[in-house]
There are 2 protein chains.
Amino acid sequence: MAGRENAGSRSGDVERAILEAARDLLAEKGLQGLSMRTVAERVGVSATAIYHYFENKEELVERVVQQGFLRFGEYIEQAMRAHSRGSLERVRAVGEAYLQFALENHAYFRVLFNLQRPHPHAIEDLPEGGGYGLLRQAVVDAMDSGAMRTVDPDLMVMYLWSLTHGLLMISLACQLEHCPEFRATPEARTPLEMFHAFGPLVREGVLGAAAATAGAAASDRAAGEE
Amino acid sequence: MAGRENAGSRSGDVERAILEAARDLLAEKGLQGLSMRTVAERVGVSATAIYHYFENKEELVERVVQQGFLRFGEYIEQAMRAHSRGSLERVRAVGEAYLQFALENHAYFRVLFNLQRPHPHAIEDLPEGGGYGLLRQAVVDAMDSGAMRTVDPDLMVMYLWSLTHGLLMISLACQLEHCPEFRATPEARTPLEMFHAFGPLVREGVLGAAAATAGAAASDRAAGEE
DNA sequence: CAATCGACTTAACGGCGTTAAGTTAACGGC
DNA sequence: GCCGTTAACTTAACGCCGTTAAGTCGATTG
């Protein structure tokens, strides 16, 4: 069998050890720091041994990310359960959980939404379609209950996803620190605080609840000026 | 002087040729396809010659991206000029121009918002702060004119930026094609169509213009249920 | 007991960014 | 007119990378 120095090695043990080492390296050093040789060194095998378990580096990383997202659906479902079905709060909780999970497990998101690779891992292969299905259900429920205006649910989901994902991407691109944007607004400095501060704008719009019709008319007038 | 085969080479010519070759390669093959050796081959010099003009690959790429963003501010300002100051349409036009420019020049955005590199190029070093200043001014004007509710301008800018940037990132991650999300909603298939479809949600909120106060009350009730 | 096969190993290839050292042509001062 | 300096390169090489080829070796099986 395999293990020489590692006495208690059973079948599948090496594969799991490779995945764990790759996971740790990804979290510690990022995708650049995850090389076949460094992974192999941690496990205690040669670099080429990895190719007995994974076709190439891409598949290894894909498996690591896939495993990292196993808790994702569960995480979001748990956040949803804290609020009643059909409530706006449940919809908001999905976005908050998305952001929170992504910030805590940002190494996986950095790989998944890496803009460099030619062939992206299928984002849709994730459990629950990357949370899309869960968010969509919460949105449909909220529309049915009257807590949310009735529009195309997929449009609403894309709107909410874009907003949350955009905030996430900006946060990750700015390395979660030293980003002057996040100091610009006195309250709401962290991504999560900012997400909460978006609340009134999302619910009532940029026109504002009271001035909704008046504001729309004013903007129409202003548009026709020039 | 430098050029042997290239007869008409003047001072600064090689540097410009390197930047152009790097720019073309970035657009054609992406960051992975841009190697010092391939750039050098296109220019007709050795790879190490590049190090006489740029400290390393990072600086070369940074310069390429910087040059690519020279037209960015101009592009956005032009889109703004088509709408009157203080109008919501002008604010919307900034977002639309951001999205449009990013999709047409996505190679630069893929580098700038690459989540892998350890030390990000300063996004703020871009002209106009990456459009942040322009958007902010349009937002302040819209608030002053009453076309937009008055809140912390930076909060409003982050909200609008996050929404647009998120849509952009999802579009780029899905490679602008074969992304099932973009087929989910029948009308609005392209990123720009989707951006326009967001309009009512952004202006009037997810509660809806008419049901604003009623919807808010309903959501509060629903939140307290569980 | 021999053949097979899984689970590895070492050696090597080509490509990468980068450094070191050498070459060559132009230029400025004496 | 020569000479040291310097800019603008060159070739060679280093160490890292992902990956492939070929070999080893113990356990399993006919």
Side-chain angles (χ1 to χ4, degrees), chain A residues 1-22 25-26 28-65 111 114 116-121, chain B residues 1-23 25-26 28-65 111 114 116-119 121:
Chain A
M1 201 165 278
R4 288 177 322 205
E5 49 192 41
N6 225 343
S9 63
R10 269 171 294 178
S11 176
D13 243 25
V14 177
E15 181 171 349
R16 179 171 23 255
I18 290 171
L19 279 170
E20 281 172 13
L25 274 166
L26 186 68
E28 289 170 27
K29 314 277 184 73
L31 196 56
Q32 316 260 25
L34 192 164
S35 79
M36 300 303 257
R37 285 173 172 85
T38 55
V39 169
E41 195 187 1
R42 286 211 177 181
V43 176
V45 297
S46 71
T48 55
I50 302 176
Y51 289 86
H52 270 269
Y53 300 98
F54 307 93
E55 197 187 336
N56 47 33
K57 181 179 176 177
E58 190 182 338
E59 192 195 307
L60 170 60
V61 171
E62 201 173 327
R63 285 278 302 277
V64 168
V65 172
V111 173
N114 177 19
Q116 300 302 335
R117 70 172 168 280
H119 301 294
H121 319 229
Chain B
M1 199 164 282
R4 286 179 322 206
E5 50 191 39
N6 226 343
S9 63
R10 270 171 295 177
S11 176
D13 244 25
V14 176
E15 181 171 348
R16 180 169 23 254
I18 290 172
L19 278 170
E20 282 172 12
R23 186 232 305 143
L25 273 165
L26 186 66
E28 290 169 27
K29 315 279 183 73
L31 197 56
Q32 316 260 25
L34 192 165
S35 79
M36 301 304 258
R37 287 172 171 86
T38 56
V39 169
E41 193 187 4
R42 286 211 178 181
V43 176
V45 297
S46 71
T48 55
I50 302 176
Y51 289 86
H52 271 268
Y53 301 96
F54 307 92
E55 197 187 336
N56 48 32
K57 180 179 177 178
E58 189 181 338
E59 191 194 306
L60 170 60
V61 171
E62 200 172 328
R63 286 278 302 277
V64 168
V65 172
V111 173
N114 178 18
Q116 299 302 336
R117 70 172 167 284
H119 300 295
H121 319 228

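Chain letters run A, B, ... following the sequence lines, proteins first and then strands; every chain starts at 1. All heavy atoms count here, side chains included; hydrogens, waters and symmetry mates do not.
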Base-pair map of DNA chain C as dot-bracket, where | denotes pairing with a different strand and pairs are Watson-Crick or G-U under 3.5 Å | ||||||||||||||||||||||||||||||
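To the nearest angstrom, C1' of C/dT9 lies 14 Å from CD1 of A/Ile50. Separating the NE2 atom of B/His52 from the P atom of D/dC9 is a distance of 8 Å, rounded to the nearest angstrom. For B/Glu59 and C/dT18, the CD to P distance is 11 Å, given to the nearest whole Å. At whole-Å resolution of the value, CZ in A/Phe54 and C1' in C/dA7 are 15 Å apart. Atom pair B/Leu60:CG and C/dC16:C1' shows a separation of 15 Å (rounding to whole Å applied).
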Sort me out a list of protein N/O and nucleotides 15-19 of chain D N/O pairs below 3.5 Å, or just none if empty.
unit_1	atom_1	unit_2	atom_2	d
D/dC17	OP1	A/Ser35	OG	3.2
D/dG18	OP1	A/Lys57	NZ	2.9
D/dG18	OP2	A/Met36	N	2.9
D/dG18	N7	A/Arg37	NH1	2.6
D/dG18	O6	A/Arg37	NH2	2.9
D/dT19	OP2	A/Tyr51	OH	3.1
D/dT19	OP2	A/Lys57	N	2.8
D/dT19	O5'	A/Tyr51	OH	3.4

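A distance-only check finds no donor-acceptor pair linking the side chain of A/Lys29 to the backbone of A/Ser35 [under 3.5 Å]. In this structure, the side chain of A/Asn56 engages the main chain of A/Glu59 through a donor-acceptor pair within 3.5 Å.
Between D/dC9 and B/Tyr53, a contact under 4.0 Å exists linking OP1 or OP2 to a side-chain N or O. An OP1 or OP2 oxygen of C/dT9 is reached within less than 4.0 angstrom by a side-chain nitrogen or oxygen of A/Ser46.
Taking 4.5 Å as the limit, some side-chain heavy atom of A/Ile18 sits within range of a side-chain heavy atom of A/Val14. Looking at heavy atoms from C-beta onward, A/Phe54 lies in side-chain contact with A/Leu19 at the 4.5 angstrom threshold. You'll find the side chain of B/Val65 reaches within 4.5 Å of the side chain of B/Val61, heavy atoms only.
In this structure, the separation between CZ on B/Arg23 and CG on B/Leu34 is 12.0 Å, given to the nearest 0.5 Å. Once rounded to the nearest 0.5 Å, the distance linking OG1 of B/Thr38 with CG of B/Leu25 reads 4.5 Å.
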Can you give each donor-acceptor pair under 3.5 Å made by side-chain atoms of residues 39-46 of chain A, sequence neighbours left out, with the distance rounded to 0.1 Å?
unit_1	atom_1	unit_2	atom_2	d
A/Arg42	NH1	A/Glu28	OE2	3.3
A/Arg42	NH2	A/Glu28	OE1	2.8
A/Ser46	OG	A/Thr48	OG1	3.3

